[in-house]
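Take a look at this one; I'll ask things after.
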Amino acid sequence: MLKKVSVESAAEAYLELLASRGVEYFFGNAGTDFAPIIEAYARRSAQGQVLPRPLTVPHEITAVGMAHGYAMVTGRPQVVMVHVIVGTANALGGIINAARAFAPILVTAGRTPLTEDRLPGARNRHIHWAQESFDQGAMVREFVKWDYELRLGAQLETVVDRALAIARAEPQGPVYLTLPRETLSERLDSLEYFDPPRVGPPAASVADPVAVERAAEILAAARNPIAIVKSSGRDPAAVAPLVALAESLGMPVFEQAATHLNFPQDHPLYCGGDPTPQLAEADPIVVVEADAPWFPALRAPGPETTVIQIGHDPLFSRYPIRGFAVDLGLAGAPRLTLAALAAAVRRRGVDPATLDSRRRRWEAEHRRLADTWASKSAAVKTDAPIDMAWVSRCIGEAIDDDTIVVNEYDLDTTQTRLRVPGCYFSQSPASGLGWGLGAALGAKLAAPARTVVCCVGDGAYIFGTPTAAHWTASAHHLPVLTVIFNNRAWNAVKRAVTSHAPQGWAVRTGTMAMSELDPAPDYELIARASGHWAERVDDPAVLPEMVRQALRVVREDRRPALLNVICKKP
Ligand SMILES: Cc1ncc(C[n+]2csc(CCOP(=O)(O)OP(=O)(O)O)c2C)c(N)n1
């Protein structure tokens with residue numbers, strides 16, 4: 001249906017379009033380029049139009065993280081606007097994270113005014129000359145699905161719909177739009193647009209039925225199939241079909257650096273995060289949305305092992321190099337492919353004795369692993385400084401099925417019992433640090449009725465621009481619980497040194513430059529400065545109660561909370 005509204009400027013028409021396309025939030029980190037947008041907001045607000053809600057976010061790392069967090073919970077892109085080239089530079093780490101995590105975001109940036117006089121919006125500040133680049137989109141082009149510069153108000157509907165549709169089309173991802181000040185300032189009397197839009201993302205696709213049958217044939221006849229999964233839970237509806245496939249085969253499911261809840265941790269076929277001991281024996285291996293299912297330099301399956309890869313893009317074609325075998329690639333929405341495959345396996349049937357013995361074997365392995373994991377935290381529960389396994393166990397036991405966990409580095413998921421689709425998010429495969437604090441705020445914005453717990457290392461916390469994140473949590477009433485696993489080090493860097501040169505100088509002398517975060521500030525004071533409830537915890541005995549209390553604060557007082565947990569130093 002065609003709709004016509006009265007507006008004064010292209011900026012106002014742009015906001016009207018975003019609102020009509022279901023964009024609820026406009027995460028803004030403003031500069032002089034925002035003037036026409038802020039002016040348009042004032043007019044819309046005077047008319048009682050609130051959407052898309054403008055949220056001030058005082059660092060781009062936080063702003064992009066929030067849009068990422070919102071998208072990962074809802075699947076829907078929101079808008080981030082940053083300040084010209086400099087804001088884009090600060091946003092880039094978050095854009096790279098979103099690209100590799102397939103998070104749809106409409107990232108926009110002002111563009112310095114094109115003209116030096118005459119036109120409305122023309123340059124009138126000293127920065128307007130130095131803030132121009134030859135090709136602003138080039139800065140982000142490798143990591144967005146599409147970029148463009150809005151040139152005329154008359155293009156708005158096409159450009160906005162195209163941007164949003166491309167961001168939402170699978171594999172999803174960020175897109176980038178620059179908005180010159182003159183274009184936003186262009187006078188328009190009215191905007192005529194289709195509502196609902198005429199351009200949307202294509203429907204989900206499913207792999208070729210012949211290929212699905214071939215995979216089912218291989219799997220039904222297999223001796224020792226295993227699955228390795230990383231991020232198919234990005235679509236919560238893909239969890240049940242993976243369970244169905246695993247059950248139809250008595251097939252264990254391993255995760256590899258999981259970024260989502262892909263398979264319920266309490267399912268008897270869930271076998272944890274380390275498939276390496278099984279690689280030599282497994283055949284076939286079903287890889288589901290996993291960019292690096294094993295590390296060939298360390299251990300790989302045998303040369304004859306059949307590898308079936310399932311995912312939106314089993315080749316990960318945006319990665320320059322990735323050599324994992326794809327003997328059979330089933331491209332399409334994993335929820336559809338997995339369901340089709342499970343049905344095809346069921347139709348063929350698996351020899352009942354094989355199914356039974358396989359199931360018993362892997363269920364026993366599941367129980368063995370669960371016992372090992374429980375013993376791991378039980379053995380260290382009184383250690384001081386606190387062991388990260390104990391922190392993880394305390395969090396795992398205190399949260400409920402309605403909790404969303406955002407984990408940037410140190411929550412040990414062997415200590416949790418996560419089982420609800422859409423309840424767990426870990427950092428992007430690109431691992432640009434600083435994602436967690438913002439992503440947790442975006443998740444809370446997307447799911448205000450759910451509890452959101454953000455687990456970060458002290459390193460990840462600092463990268464997450466905490467003053468900006470805490471300010472945002474307070475200003476926009478987003479009661480998230482942040483738990484800092486504070487080991488006063490970048491342990492990931494230390495581990496890399498140890499695995500690189502196990503008997504080398506650094507290990508032998510205990511000298512690891514550039515990996516210490518001592519002396520540590522009192523992080524809880526940073527949070528208190530923004531009015532958060534925040535405590536430091538040194539004593540492992542009080543930790544369970546402190547976690548429960550912090551959860552009460554975010555749930556009942558609806559106040560952001562933070563625990564600075566002093567952990568063992570590596
Ligand atoms: C933007 C960015 N810079 C540097 C790194 C490299 N890096 C990976 S993990 C890590 C340390 C993280 O420290 P912390 O959050 O304290 O967790 P820990 O390693 O101590 O468990 C660093 C510096 C990165 N991933 N991203």
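Both counts, for ligands and for their atoms, begin at 1 and track the order of listing. These figures come from a predicted structure and were not determined experimentally.
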query: Does Phe463 reach ligand 1 with a nitrogen or oxygen that is under 3.5 Å from one of the ligand's nitrogen or oxygen atoms?
result: no
message: Over 60° means perpendicular and under 30° means parallel, so tell me whether Trp146 and Tyr148 are parallel, tilted or perpendicular.
response: parallel
- line: Going by the 4.0 angstrom heavy-atom rule, the piece of Pro570 near ligand 1 is neither
field: Over all atoms of both residues, closest heavy-atom pair of Ala331 and His312
entry: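 Between these two residues, the closest heavy atoms are CB-O, 4.0 Å.
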query: When you measure from atom 23 (C) of ligand 1 to each heavy atom in Phe485, Trp435, Trp490, which option holds the nearest one?
result: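 That would be Trp490.
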query: Under a 4.5 Å cut-off applied to non-hydrogen side-chain atoms, are Lys569 and Asp518 in contact?
result: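 In short, these two side chains touch, coming nearer than 4.5 Å.
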message: When you measure from the centre of the six-membered ring of Trp390, is the NZ or CZ of Arg393 closer than 6.0 Å and no more than 45° off the axis?
response: no
- request: Measure the distance from atom 14 (P) of ligand 1 to every protein heavy atom, then report the residue, atom name and distance (to 0.1 Å) of the closest one.
  value: Gly459 N, 3.5 Å
- request: Could you check whether the rings of Tyr270 and His366 sit parallel, tilted or perpendicular, using 30° and 60° as the cut-offs?
  value: perpendicular
- line: When distances are taken from atom 15 (O) of ligand 1, the protein heavy atom at minimum range is Ala460 N, 2.8 Å
Heavy-atom nearest option to atom 25 (N) of ligand 1, drawn from Gly93, Ser428, Ser431, Ser515: Ser431
query: Under 4.0 Å from ligand 1, counting heavy atoms only, is it the side chain of Tyr409, its backbone, both or neither?
result: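 Near ligand 1, Tyr409 shows its side chain, while the N, CA, C and O stay back.
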message: Pairs of nitrogen or oxygen atoms closer than 3.5 Å, one from Met388 and one from ligand 1: do any exist?
response: no
message: With a 6.0 Å cut-off (strictly less than), is the heavy-atom count around CZ of Arg318, excluding the residue itself, greater than 12?
response: no
query: Is the ring centre of Tyr409 less than 6.0 Å from the ring centre of Phe485?
result: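 No.
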- request: Using a strict 4.0 Å cut-off to heavy atoms of Gly457, name the atoms of ligand 1 that fall inside it.
  value: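 Listed by number with element, the hits are 14 (P), 15 (O), 16 (O).
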- request: For atom 21 (O) of ligand 1, find the nearest protein heavy atom and state the residue, atom name and distance (0.1 Å precision).
  value: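 Among all protein heavy atoms, the one nearest atom 21 (O) of ligand 1 is Asp410 OD1, 2.6 Å.
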Residue and atom name of the nearest protein heavy atom (relative to atom 18 (P) of ligand 1), distance in Å to one decimal: Asn491 N, 3.4 Å
query: Hey, is Asp458 touching ligand 1 through its side chain, its backbone, both or neither, going by heavy atoms under 4.0 Å?
result: both
- prompt: Quick one: does Leu517 get an N or O within less than 3.5 Å of an N or O on ligand 1?
  reply: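 No; the residue has no nitrogen or oxygen that sits under 3.5 Å from a nitrogen or oxygen of the ligand.
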task: Show which atoms of ligand 1 fall inside a sub-4.0 Å distance from at least one heavy-atom site of Ala489.
output: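 Counting atoms of ligand 1 from 1, those under 4.0 Å from Ala489 are 16 (O), 20 (O).
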- prompt: Got the closest protein heavy atom to atom 2 (C) of ligand 1, with its distance?
  reply: Leu433 N, 3.7 Å
- prompt: When the ring planes of Trp490 and Phe463 are compared, do they come out parallel, tilted or perpendicular, using 30° and 60° as the limits?
  reply: tilted
Between Gln131 and His83: side-chain donor-acceptor atoms closer than 3.5 Å: yes
task: List the atom of Met512, the atom of Ala506, and the distance in Å for their closest heavy-atom pair.
output: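 Closest approach of Met512 to Ala506: CG-CB, 4.1 Å.
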field: Shortest protein contact, atom 19 (O) of ligand 1 (heavy atom only)
entry: Ala492 N, 2.7 Å
